[in-house]
Amino acid sequence: MELRFTSSFESEYQKITRGNNPLKRKIRKQLELLQANINHPSLRLHKISGGLYWSISIGKSIRVLLIIEKEWVSVYHIGKHEDVY
């Protein structure tokens with residue numbers, strides 16, 4: 001499945017990973033899993049109540065918000081749990 005990244009995701013990604021290579025690797029690994037198998041258990045994919053967004057987990061406190069389309073997944077936001085919900 002194709003991933004499409006928004007400009008807001010790109011800027012949030014740069015901010016959250018600045019100087020943190022282990023976090024960059026973890027995010028890359030989870031996004032590769034998302035692309036290969038959207039239902040992989042380690043993603044902990046779930047729909048955010050009352051909206052279009054879905055969420056996946058990047059470790060304990062980082063979340064990525066998505067909109068799942070028929071042909072691709074739009075990757076909208078990344079941040080700490082309390083910042084993206």
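FYI, side chains are in, hydrogens and waters are out, and symmetry mates aren't considered; it's all heavy atoms of this structure.
- Between Lys47 atom NZ and Ile68 atom CD1 the span is 8.0 Å, to the nearest 0.5 Å.
- Residues satisfying the side-chain hydrogen bond (donor to acceptor under 3.5 Å, both in side chains) criterion with Glu71, sequence neighbours excluded, are absent altogether.
- Following chains of ILVMFWY side-chain contacts shorter than 4.5 Å, one can reach Ile78 starting from Leu45, so the two form part of one hydrophobic cluster.
- In this structure, Ile16 CD1 and His77 NE2 are separated by 13.0 Å, a value rounded to the nearest 0.5 Å.
- Heavy atoms from other residues, nucleotides or ligands lying under 6.0 Å from CD1 of Ile48 number more than 12.
- Using a 4.5 Å heavy-atom threshold, the side chains of Arg44 and Ile56 count as separate.
- Hydrophobic clustering (side-chain heavy atoms under 4.5 Å, transitive across Ile, Leu, Val, Met, Phe, Trp, Tyr) groups Ile38 together with Leu3.
- Expressed to the nearest 0.5 Å, how far OG of Ser7 lies from CD of Glu12 amounts to 9.5 Å.
- In the hydrophobic clustering of ILVMFWY residues, with side-chain heavy atoms under 4.5 Å counting as a link, Ile62 and Leu65 come out apart.
- Here the CD atom belonging to Glu32 is positioned 10.0 Å from the NZ atom belonging to Lys29, to the nearest 0.5 angstrom.
- Contact annotation: the side chain of Ile67 approaches that of Glu69 to within less than 4.5 Å [non-hydrogen atoms, C-beta and beyond].
- Residues Ser42 and Leu33 meet the side-chain proximity criterion, which asks for heavy atoms closer than 4.5 Å.
- Here the shortest heavy-atom pairing between Ser57 and Gln30 reads O-NE2, 3.1 Å.
- The OG atom of Ser74 sits 7.0 Å away from atom CZ of Arg4, with the distance rounded to the nearest 0.5 Å.
- Placement of Val75 and Leu52 in two distinct hydrophobic clusters is found when ILVMFWY residues are connected by side-chain heavy-atom separations under 4.5 Å, directly or transitively.
- The side-chain contact (heavy atoms from CB on, under 4.5 Å) test with Tyr76 singles out one residue from Trp54, Phe9, Phe5, Tyr53, and that residue is Tyr53.
- Taking NZ of Lys26 as the start and CG of Leu31 as the end, the distance is 11.0 Å to the nearest 0.5 Å.
- Counting only heavy atoms from C-beta outward, the side chains of Ile58 and Arg63 never approach each other to under 4.5 Å.
- The environment of Lys24 atom NZ is dense: over 12 non-hydrogen atoms of other residues, nucleotides or ligands sit within 6.0 angstrom.
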